[in-house]
Amino acid sequence: MCGTRTLRGAVLSLTLLLCAPSGQGQSCLPDAIPVHLRKNVTANGTSFPLGIWNAHRKWQLATPTAAFQILAEELLGYNVHVEVADTMLGQDALYALAGCERPTVEGDRGCNGQETRMHVSIGIYLDQEVLPHYDKVQRFKMGGVLDDLQSLGFMSQSGIYVGGPTMALAETSERLFLDDYRNYDSMYLNPKHWFSSMENISRSMLMPCHMWSGVFVGNVSQYLYFTKDRDGVNMSGGEPSPRCSDGYWWLAPACRGNSSSCIPCLTGAAGTYVYGAEEIMSKAVAWSMPMALAAADAGTSFGQIVTQQSVLFYFWEPDLTLGNLGHRLISFPEFNEQRWALGAKATMAQPLDHRILANQNLNVLAPDVRGLLLNMEVDLPAALEMMVASVRAMAVILASLGLSEMDALTSQEWWGACWQGACDWLQQNRDTWQAWMPLKSNCYAGQGMQEGGQWLTNRSQNATCSACTPGRYSALLEDAYGATAVCRPCHPGTSQVKPMSVSCDYCPAGTKADHWAATRCEKCPQGQYQDETAATECRSCADDKTTTVLAAASEMDCICRAGRYLWNLTECRPCPEGMDCPGGSGVPQQLRGFWAENLGTEARSRYSVYSCRDPARCPQGPPGRCSFGRTGRACADCFLGYASDVDGSCRPCDALSLWPFLLLPIVILGLLPLLVAASILVSRARRVATSIFIVCVIFGQLVVCLQSLEAIYQFEIAWIDPAKAVLSSLALFSLDIEFSCILDPQSHVVEYGSQLLAYPAVLLATFGFWLLARWAKRPITFNSFVNLHGVLLVALLTAMSLTVMRPFQCRQNPNGLTTMATRTDVLCWGPEHGPLVVLAALGILAYPVTILSSIAFLTWKYPTWLRSGKGLEVLEKYNFLFGRFRPERYYCGLLLSGHNLVVALIPAALVSVPALQVGIMGIVVCIKLAAQSLLWPWRVEVANYNDLVLSTALLILLLLASPMLRLEQNQDGSFLVAALLTGVLCLLPLVALAAACLAASLRLRPQSKYDAFLCHHKAGAGALCRFIKLIVHKYGRMNIFLDSDELDDLARIFEIVSSDTRCLVAVLTPELLQRMWCAGELTSARKHGIPIIPLYCDGYAFPDAESINNIQSVWTEEQQYTLTSHGISMEDIKATYRHLSARKGYALSRHASLEEQERLVLDVAMAARGPRGAWRAEVAPQGAVGAARILLCSTELEPEAISTVLILQQMVQQQLRIATFRARGLKDIAAAASASFALVLLSKGVLEDPDFALRVGQMRAQGLSFVPVNDGTFQFPAPDFYQQVEEGGVAGLSPNLGRSLAKAYQALLGILALPLTPHASSGILERQVTQICQRFGNLDDLLEQRTLSKTATDEVCVADISMSLTDLDDLELDAQAGPQQDLSHEAESEYSVRDDLWYT
């Protein structure tokens, strides 16, 4: 088999070499372009041959296609690929030209928009079957896919033919024209005698009727409807078929009764498919033609019968099947398209026009090929000549291959015959096809001449034709060489989007083209219109107007711009802030959070817009719309009997709506009994009282923080739930609540007055309760009453300030008017606002001004009261202010109150500049945080941490809320913000520079570190110098050098005097001038010009001149050497002593009263400071002994002991903040009715002092609790000491007192004495005093026990609601008492038992 195929291929190659050279790379025409110079077409960067789709395997179409192939290859120079389709369907060619991958596969042709490889198809019938597919393919792309270029040049016809010899005989014999259908009408004439009889045709050459298929192309009912020939159709079986009485011949009704009168009519059949049977039957019935129809195989017997017999036959042309018989088509009435569409085929069949189709891209890919197709015209004779030549070539091929049938040839072999026939015709008819070839400069419609990429306006020798690009049109140009075309640009006002256009389109109304060669007209932009066509520009709408769409085509399309509204039906006015104006003629809508009032008529609307306090109160909608239940300007009020709801609307009042009005009496009725209970607990249980105090302090901090949150809630911040709901409830603190449940919404003065009188109502209620308690013999102390209201005023200062500042909190509205921020229906500085301003001014004076000035006055007087015994009684009233803070931070109450007032002022002062509200509040909170961290003011440690946490939380809340800040367009705070930022940025480097300069100046400028240097003998005046330093710091600020506090290196003592001291105070005691170091200090001061102030203590007399001259005798040689090594000679010391004796000094008696000693110390301090910084302080009186809670007792014989007990008095009074008194006699002790403890200083020789013994005995007799303190010089007596005292008493006293004195001494010395080192540093001394203070326990409890034991009254002593500072100190120092305190308590307890037994 393989050998046979190889042999056939070799023979075919030889044959093609002889008769089809093109197939082997040879040329047909002598001037053909060589194969290697031929080109492909290129699309989208891909190169491929020009594609030709041969749709039908028919000679009449294939040969012109082959001729086109030769011309395109050899003269135009293209590589050509011919696809010989194995199909008879014209629609397949359409899909092939459209680029479908599988054009012959119906249902899945693979049309995916890819670039086509087939570009030309010649001879396509666009009949009723093909046209629907043509329309479908054209819809694949906007503007179509295919170009129907022109007709091929000849028509194909089909129908009933008559043989040439028969027709000629009838015409010459009888003048009978057999090519006219009318001459076959059996009613007038039957030309049967000119034709053969049916019996002359062998039935073996015919196809039985039951095998016919495809007879009725449409529905058989259409045939029956028009012919009514039901007898001629066999309806039985599957497919309807003609009814043949003998099985082979269908007889027409005109001769059905007599078959011998029927004229035989033959049609061809391909397989079982019969050609034209329905058409023949329809014509025979319609025109009474006596015909008998039979079918024969078209390839064999059909031709034999037609050539051998005289018959009618169904045929088509051009065709070479029957050769040159001279047959002619019988004419019928002209083709009726409508009747044929309905199924009536009695008229002529439609001639088939062979169309030349091409892909639209061909105009771009190969315009000269398109020109050739447009010029190509093949007439019928030319087509027949080509067909005959091709048949001859096919015969050669068949003979060479040893074949007899054309169907045995392959597509390549068959196409070779077609090519050879076309080549023969082209070689013989050069003049004919030469006219088809386009000149390079002969351009067709849609093209234009181009040279070097430039469009030409006149013909050029080297011009070529190219498709006109978008923006140009093809214009006809005639010259001496004939007609051509040029591509001209579209004029302004016109455009063309398609290529190959012959004209430009006028821009429609609403568009413009403002330049030449526009590819498309631009739509008029928004705000412009054009009501004319062919416009080069658009017209602008009037000011403040625009269009809603692009390409507006009328001035009526101009409407008000978005952001403006129509006024007076013609004018567009700017949209007020707070309203939404969508433009057009619609009514503006108020935005959420704004309320609009129409002050004009419907046509001339004039809107006044207000900002609403809560955006939820004013929903978006038509002007004046409010949430349900709301009324008034800016929807500020609820109707009477309605209360605000969380969603901004108002609901009918119920019990829950009245809770703010019920809360005040509940607080009054519940707070006072709680006050009584708390007071009793405070007086009865120290630890419970401490716990209550801590809770109160922390709760107070929380209340202050919540009020700060209330102030922040008033900022212009768009709060969201649930934060909004929580913060809105805090308005209760400042009574910022609506009274619409009980008052008319417009009763602004009554409502605001009620808010201002809320605190006076509480004050009167509590005062009445206080009076009622006194009347009921259960009195509450007045101090408790004062502290209660002090706590309320300090804690609620922010809320009160917010309340009184409310009328001044005016906010700018979009309409330019200002309204109250909390009562948006009240116009600021209007008639309704005036009374509120008056009330607010009175409120400011009554609340923040009075409260803050009172706090400032109390803080200013605090040091003075603290220094006096009488003042301490006053301080008990103001425990609410000072009791919460550490002693040295007593002023923090004033700072905190000032901070709270500033917090309340921010919403009111910055209401018009919301951009600064958050920033300033953040600065205030940061300052408080910094102050809190630096001062650490609260007495309770947990309160300091709690304050830090709350302040930090406030700062975090501000940071989180800052992005939600509402900044209205008319509230431009950017300048102030910029100024503030600039100030901060400039301040930072300035502060750093100032700090650097200050530090440098302090370093470079010589200065003294100490204002005064206390030169003293430690044993003789160490305690006195400590007392002096305490008193100076009590009344002012001076940097005093005291060696026990400041000295680290004794070798630097003289350097400190000479370099770091402004003044030296010589505390003259008997041994001062004999101390080597003191002498060196004095001498260094004199030699370096340091002023020396002598302070003569206890009548000190300065030594005489002789003692001064012999001063070196008191020091050893080593001591003198030490002085000499520091540059101090004996002569310098003597000169210094003489200089000191000549100076005026101050005399101090330690036996004088505390006031006298303090006054003298202050005089010395003022002299030490000199005129540079002299200050004068008022010495506070010690106060009455009757108010003292602690008595101090020491010997009056030792001056240092007196100074030590004065130190104790100052430090204990400072820590405990209670009145103390130094008992100097028995009268003082007897007058101390409030005293509970006796603080006894044990020093050297104190037990031999008779006055001391009497005072101790008196204290024991009065039941005072002893707290002994040992200054380090006291020596406990021997075991027989008490017996000696009992037997002989104390020297200077009657022996009869011995027994009681012994018991008193035994009670005193039976308690563990706490150490006190007056010569130690201040830190050690403070810790020792703190430990001593722990011994005092609860003074109130002891005082009450003493009172109950002396009187029979059952009077309740109610303490301050806030715990006394003594209790707080006990709480802080419990943990520091340690085992020593426990031993002391045990010793005290043991003493009490023994004492009770002895006393009995």
Side-chain angles (χ1 to χ4, degrees), residues 12 16 20 22-25 28 35 38-43 46-74 76 78-106 108-126 130 133-134 137 140 145-149 152 354-362 365-366 369-370 372-373 376 386 390 394 406-407 409-423:
L12 176 62
L16 292 177
S22 178
Q24 298 298 319
C28 171
V35 174
R38 297 172 188 173
K39 58 191 175 184
N40 289 339
V41 295
T42 302
T46 304
S47 176
F48 41 82
L50 180 71
I52 300 176
W53 179 274
N54 185 71
H56 303 284
R57 194 166 176 176
K58 296 182 179 180
W59 299 109
Q60 65 268 32
L61 301 179
T63 50
T65 303
F68 166 73
Q69 175 192 0
I70 295 171
L71 296 176
E73 287 179 335
E74 300 184 8
L76 298 182
Y78 286 94
N79 293 316
V80 177
H81 167 71
V82 179
E83 183 71 27
V84 181
D86 190 14
T87 176
M88 297 297 290
L89 301 177
Q91 57 263 34
D92 294 345
L94 306 181
Y95 293 105
L97 295 180
C100 299
E101 296 179 352
R102 298 174 295 278
T104 61
V105 180
E106 186 174 358
D108 185 20
R109 300 183 187 271
C111 303
N112 301 315
Q114 58 269 34
E115 185 66 37
T116 183
R117 295 297 190 268
M118 295 291 113
H119 305 93
V120 179
S121 183
I122 297 176
I124 302 299
Y125 302 143
L126 296 180
V130 178
H133 295 276
Y134 181 84
V137 170
F140 284 176
V145 176
L146 307 177
D147 270 345
D148 182 6
L149 297 180
L152 181 57
H354 303 287
R355 307 300 298 178
I356 301 177
L357 300 183
N359 189 283
Q360 285 188 354
N361 287 346
L362 185 64
L365 301 178
V369 172
R370 187 173 184 272
L372 172 60
L373 292 172
M376 184 175 178
M386 292 182 193
S390 297
M394 184 188 67
M406 181 184 69
D407 294 340
L409 296 176
T410 64
S411 296
Q412 182 184 8
E413 295 165 348
W414 180 80
W415 186 255
C418 295
W419 186 93
Q420 185 60 49
C423 178

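- Between Leu146 and Gln360 the shortest heavy-atom distance is O-NE2, 3.6 Å.
- Considering only residues two or more places apart in sequence or on other chains, Phe140 meets the ring-ring contact (aromatic ring centres under 6.0 Å, His included) condition with none of them.
- Scored by the side-chain contact (heavy atoms from CB on, under 4.5 Å) test, Ala366 finds Val41, Tyr78, Leu362, Asp368, Val369 as partners (sequence neighbours excluded).
- Tyr95 is linked by a ring-ring contact (aromatic ring centres under 6.0 Å, His included) to His133, counting only residues two or more places apart in sequence or in another chain.
- The backbone N or O of Asn359 sits nowhere less than 3.5 Å from a side-chain atom of His119 that would complete a donor-acceptor pair.
- Applying the salt bridge (Lys or Arg N to Asp or Glu O under 4.0 Å) test to every pair with at least one member in residues 109-119, sequence neighbours left out, gives these pairs: Asp92-Arg109.
- A distance of 7.0 Å separates SG in Cys423 from CD in Glu74, rounded to the nearest 0.5 Å.
- Remark: side-chain polar atoms of Ser121 are not paired, donor with acceptor, to backbone N or O of Leu357 under 3.5 angstrom.
- Applying the side-chain hydrogen bond (donor to acceptor under 3.5 Å, both in side chains) test to Asn40 and every residue at least two apart in sequence or in another chain returns Ser47, Asn79.
- Between Ile52 and Asn54 there is no side-chain heavy-atom pair separated by less than 4.5 Å.
- Here the closest heavy-atom approach between residue Ala66 and residue Cys418 is recorded as CB-O, 3.8 Å.
- From Trp419, atom CH2 reaches atom OG1 of Thr63 across 14.0 Å, with rounding to the nearest 0.5 Å.
- Every ring-ring contact (aromatic ring centres under 6.0 Å, His included) that His354 has, sequence neighbours left out, goes to Tyr125, Phe154.
- With rounding to the nearest 0.5 Å, the separation of CG in Leu152 from CE in Met376 is 6.0 Å.
- Taking the side chain as every heavy atom from C-beta outward, Phe68 and Ile356 never approach each other to under 4.5 Å.
- The two atoms that bring Met118 and Thr116 nearest to each other are O-OG1, 2.8 Å, heavy atoms only.
- Between Ile124 and Ala93, the shortest heavy-atom distance links the atoms CD1-CB, 3.5 Å.
- Taken from CG in Leu76 to CD1 in Ile70, the straight-line distance is 12.5 Å, to the nearest 0.5 Å.
- Glu83 pairs by the side-chain hydrogen bond (donor to acceptor under 3.5 Å, both in side chains) definition with His81, not counting sequence neighbours.
- For Trp415, the ring-ring contact (aromatic ring centres under 6.0 Å, His included) test picks out no residue, with sequence neighbours left out.
- The two residues Ala72 and Leu372 come nearest to each other via the heavy atoms N-CD2, 4.3 Å.
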Please list every donor-acceptor pair under 3.5 Å in which a side-chain atom of residues 96-105 meets a protein atom from a residue at least two apart or in another chain.
unit_1 : atom_1 : unit_2 : atom_2 : d
Glu101 : OE2    : Gln114 : NE2    : 3.4
Arg102 : NE     : Asp108 : O      : 3.0
Arg102 : NH2    : Asp108 : OD1    : 2.9
Arg102 : NH2    : Asp108 : OD2    : 3.4

